[in-house]
There are 2 protein chains.
Amino acid sequence: MKNPLIESISKYIILNSEEENLIESFWTEKTLKKGDYLLRNGETCRTDNFVISGALKAFYINSKTGKEEILYFAIENWWTTDIQSFQKQTPSIYNIQAIEETELLQIRYDSFQEMLTQVPKLERFFRIILENYLGSLQKRIIEDNVLDAKQRYANFIENYPKIATKVPQYLIASYLGITAEFLSRIRRKHKTS
Amino acid sequence: MKNPLIESISKYIILNSEEENLIESFWTEKTLKKGDYLLRNGETCRTDNFVISGALKAFYINSKTGKEEILYFAIENWWTTDIQSFQKQTPSIYNIQAIEETELLQIRYDSFQEMLTQVPKLERFFRIILENYLGSLQKRIIEDNVLDAKQRYANFIENYPKIATKVPQYLIASYLGITAEFLSRIRRKHKTS
């Protein structure tokens, strides 16, 4: 079976087997138990991380409410990295924590730069997935202000069906900026509509 | 004098004069008057846009308040494009409007793809500027929830000193999610502190 990272890259660019082996050689496997932190606010993000299996939440604490705010979830075939902290090697402003046992592929900052030097066509892959994520993040900012909670939930389960079934409801409520009770009311209505 | 787009690219990758000429050949100049729209909500974003001079605001209407919400400003040497609409050639979910006379360099979708095919090293440039913008957007989402208005204003003028002097105060207030009156109080305190 092919490495899932290579499969993911191969959706956007064509790699020969030599390039595949070279890319694989830069990455190491890492397992997190449920509750383990991949990154803590204030630490420098040393690795870029590709999720093979499991689930993580990226979050920070809202200083006004004292509550966790979810920035994003990451499940298999997603990336989870504080991009600014990784790219500039400066302290992170958020936390990434496993919400179930999670397997990752990791690459350290220097290896990431070296991999791009040795396989420059990867620049295209990262450019495209960054465009995708940036587009969805801008959309989320706007929808948070423009749509009501019911519509946001409907969009969430349409856009992220796997996350919707995998992640606990109270975390999805946090992501949507509503209480767990309110989400449960929306879900009942959603099922019957 | 060098084309400002070529200067901007040359901060991240090395171009020879042949590549510079080739890249320039894909772009056309466009002037917007104050108030002209570059893009309207619902239209497909046909061009990627690099700002030579002037200033624009990217905004949408908050359905709860009926007010404009500023997604970002763009001044010289910035990009202003609905990345998702441009990349997928689907309708945009926001508006981009000139807030003063503005000169742009534009490239159409097909030309953008062709330019990347002919000058693949540009992938690296776009990957890096996307990382930069994504990092600052995640930071802004978190700071909006974590910092008070006074701290957000202090960060804004530190991070974007040129925009802070160029853009009208009521638009900066909108970007910071506060009223113009509240911003004016913060500014008085900021100057005397």
Side-chain angles (χ1 to χ4, degrees), chain A residues 12-13 41 45 48 58-72 79 81-88 90 92-95 112-113 116-117 120-149 151 177, chain B residues 12-13 41 45 48 58-72 79 81-88 90 92-95 112-113 116-117 120-149 151 177:
Chain A
Y12 296 100
I13 59 172
N41 178 359
C45 185
D48 198 5
F59 71 97
Y60 55 95
I61 304 299
N62 184 317
S63 61
K64 289 161 211 155
T65 61
K67 283 188 185 156
E68 261 184 38
E69 304 267 355
I70 303 289
L71 192 59
Y72 59 79
W79 298 80
T81 304
D82 178 339
I83 192 91
Q84 191 169 59
S85 172
F86 180 66
Q87 190 202 28
K88 300 191 192 300
T90 52
S92 173
I93 52 171
Y94 62 86
N95 307 280
F112 184 77
Q113 307 307 328
L116 290 173
T117 305
K121 66 164 85 162
L122 283 174
E123 297 281 4
R124 180 177 175 81
F125 167 71
F126 286 106
R127 191 262 302 169
I128 293 172
I129 64 165
L130 283 162
E131 281 183 354
N132 289 344
Y133 179 55
L134 187 58
S136 66
L137 191 60
Q138 284 192 342
K139 196 162 172 252
R140 182 179 165 203
I141 292 174
I142 295 174
E143 287 185 348
D144 277 356
N145 283 292
V146 166
L147 302 182
D148 65 25
Q151 290 170 300
Chain B
Y12 297 100
I13 58 173
N41 178 1
C45 186
D48 198 4
F59 70 98
Y60 56 94
I61 305 299
N62 184 318
S63 61
K64 290 161 210 154
T65 61
K67 283 189 186 158
E68 263 184 37
E69 304 267 355
I70 304 290
L71 192 59
Y72 58 79
W79 298 80
T81 304
D82 179 339
I83 192 93
Q84 190 169 58
S85 172
F86 180 67
Q87 190 202 26
K88 299 191 193 300
T90 53
S92 173
I93 51 170
Y94 62 86
N95 308 279
F112 184 77
Q113 308 306 329
L116 289 173
T117 305
K121 66 165 83 160
L122 283 174
E123 298 280 4
R124 180 177 175 81
F125 167 71
F126 287 107
R127 192 263 301 169
I128 293 171
I129 65 166
L130 283 163
E131 281 183 354
N132 289 343
Y133 179 54
L134 185 59
S136 66
L137 190 61
Q138 284 192 341
K139 195 161 173 254
R140 181 180 164 202
I141 292 173
I142 295 174
E143 287 185 350
D144 277 356
N145 283 292
V146 166
L147 302 183
D148 65 23
Q151 290 170 300

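To find a chain, count down the sequence lines: A is the first, B the second, and so on, and within it residues start at 1. The basis for the numbers below is simple: all heavy atoms, side chains too, and nothing from hydrogens, waters or symmetry mates.
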Among B:Ser85, B:Gly135, B:Ser136, residue most engaged with chain A (heavy-atom pairs, under 4.5 Å): B:Gly135
Under 4.5 Å from any heavy atom of chain B - which part of A:Leu122: neither
Minimum side-chain heavy-atom gap A:Ile128-B:Gln87 below 4.5 Å: yes
Any B:Phe126 side-chain heavy atom under 4.5 Å of A:Glu123 side chain: no
B:Tyr72 portion near chain A, given a 4.5 angstrom heavy-atom threshold: side chain
Residues B:Ile142, A:Phe59; criterion side-chain contact (heavy atoms from CB on, under 4.5 Å); working and verdict: CA-CA 9 Å; B:Ile142 295 174; A:Phe59 71 97; over 6 Å; no
Which of B:Leu71, B:Asp148, B:Ile129, B:Asp82 touches chain A most, by non-hydrogen pairs under 4.5 Å: B:Leu71
Which atom of B:Leu147 lies closest to which atom of A:Ser63, heavy atoms considered: N-OG, 4.4 Å
Trace of the side-chain contact (heavy atoms from CB on, under 4.5 Å) decision for B:Asn62 with A:Val146: CA-CA 5 Å; B:Asn62 184 318; A:Val146 166; 5.6 Å; no
Residue part contacting chain B, namely of A:Leu134, when any heavy atom lies under 4.5 Å: both
Heavy-atom proximity to chain A below 4.5 Å, by part of B:Asn132: both
Side chain to side chain donor-acceptor pair (under 3.5 Å) between A:Tyr133 and B:Gln138, worked out: CA-CA 11 Å; A:Tyr133 179 55; B:Gln138 284 192 341; 3.1 Å; yes
Which of A:Ile93, A:Asp144, A:Leu116 touches chain B most, by non-hydrogen pairs under 4.5 Å: A:Ile93
Region of B:Ile61 that comes under 4.5 Å of a non-hydrogen atom in chain A: backbone
Close side-chain approach of A:Leu137 and B:Ile141, heavy atoms under 4.5 Å: yes
Selection from B:Glu69, B:Lys139, B:Arg127 maximising heavy-atom pairs under 4.5 Å formed with chain A: B:Arg127
